[in-house]
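Everything on this sheet refers to the single structure shown next.
Just the heavy atoms: all of them, side chains too, but no hydrogens, waters or symmetry mates, feed the values below. Both ligands and their constituent atoms are indexed starting at 1 by order of listing.
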Amino acid sequence: MGTPPSLLLPLAVLLAAAAVSLQTGATAPLGKEKTTQLHFFLHDTLSGKDPSAVLIGRNALHAPRPDDPTPFSSVYAADDVLTEGPERQSRVVGNAQGIYVSSGKGQLSLVLGMDFELTDGPFNGSAFVVYSRNTVTRPVGRELAVVGGRGRFRMARGYALLRTHFLDNNNGDAIIEYNVTLLHH
Ligand SMILES: *[C@@H]1O[C@H](CO)[C@@H](O)[C@H](O)[C@H]1NC(C)=O
Ligand SMILES: *[C@@H]1O[C@H](CO)[C@@H](O)[C@H](O)[C@H]1NC(C)=O
């Protein structure tokens with residue numbers, strides 16, 4: 001018994017779709033995976049007339065205190081400068097844009113969703129993306145997950161090791177050292 005004609009057309013459509021997706025894969029190769037190390041300092045400035053991070057909102061039950069300027073539930077929008085050295089006057093190498101939320105009820109902890117774009121050097125215009133918890137008060141072993149990338153960092157995954165270079169506990173201003181290891185195509 002042959003296949004009923006009513007089943008032939010859907011099958012033909014399915015086969016055509018499969019052929020198209022196979023072809024797309026073959027014509028856009030990703031190339032070899034590479035490893036890139038980046039080192040820079042991030043300036044997160046909450047104080048002054050031109051802050052790089054501003055409060056979007058916070059729950060009314062969690063008011064800021066002098067020793068806790070970013071209480072649980074605070075959400076910030078950030079456009080933080082990345083520099084080569086720890087000083088603000090040091091060469092600018094990029095910026096990190098996104099949001100972070102104060103997510104620790106008992107102890108200060110931030111969850112960052114940020115896009116780090118480089119504006120200098122061989123990776124100018126490329127970016128890696130972090131979505132991760134930042135255990136701010138932990139003195140060592142702070143690590144963020146890199147979950148993606150753009151441009152030359154396409155398909156990036158990796159991690160960033162963080163160390164606080166400077167922190168003002170009263171206004172929240174911080175300079176953070178980043179060592180980033182990226183696997184990308
Ligand atoms: C980075 O790329 C932008 C856009 O193409 C360009 O305007 C800028 O001059 C470049 N910067 C450096 C330092 O190469
Ligand atoms: C980053 O790497 C440099 C060079 O290996 C090292 O001196 C520095 O302590 C590292 N910093 C962090 C936060 O891992």
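Contact check for Leu162 versus Tyr178: side-chain heavy atoms found under the 4.5 Å cut-off. With contacts defined as side-chain heavy-atom distances shorter than 4.5 Å, the pair Phe153/Lys34 does not qualify.
Protein heavy atoms come within 4.0 Å of atom 14 (O) of ligand 1. For atom 5 (O) of ligand 2, the nearest protein heavy atom is 4.0 Å or more away.
In terms of protein heavy-atom proximity, atom 9 (O) of ligand 2 is nearest to Glu177 OE2, 4.4 Å.
Remark: the backbone N or O of Arg154 is not paired with any side-chain donor or acceptor of His184 at under 3.5 angstrom.
Using a 4.0 Å cut-off between heavy atoms, Leu161 contacts ligand 2 through both its backbone and its side chain.
Proximity to Asn179 (heavy-atom distance under 4.0 Å) selects the following atoms of ligand 2: 1 (C), 2 (O), 3 (C), 8 (C), 10 (C), 11 (N), 12 (C), 14 (O). Distances below 4.0 Å separate heavy atoms of Arg163 from the following atoms of ligand 2: 13 (C).
Ionic pairing of Arg133 and Glu143 is not present here: no N-O contact between side-chain nitrogen and carboxylate oxygen is shorter than 4.0 angstrom.
For the residue pair Ser126/Arg152, the side-chain donor-acceptor check at 3.5 Å is not satisfied.
Ring orientation note: the planes of Phe116 and Phe128 are close to parallel, at an angle under 30° on the 30°/60° scale.
Compare Asn124, Thr119, Val92 by their heavy atoms: the one nearest to atom 2 (O) of ligand 1 is in Asn124.
Between Asp120 and ligand 1, a contact under 3.5 Å exists for no N or O pair.
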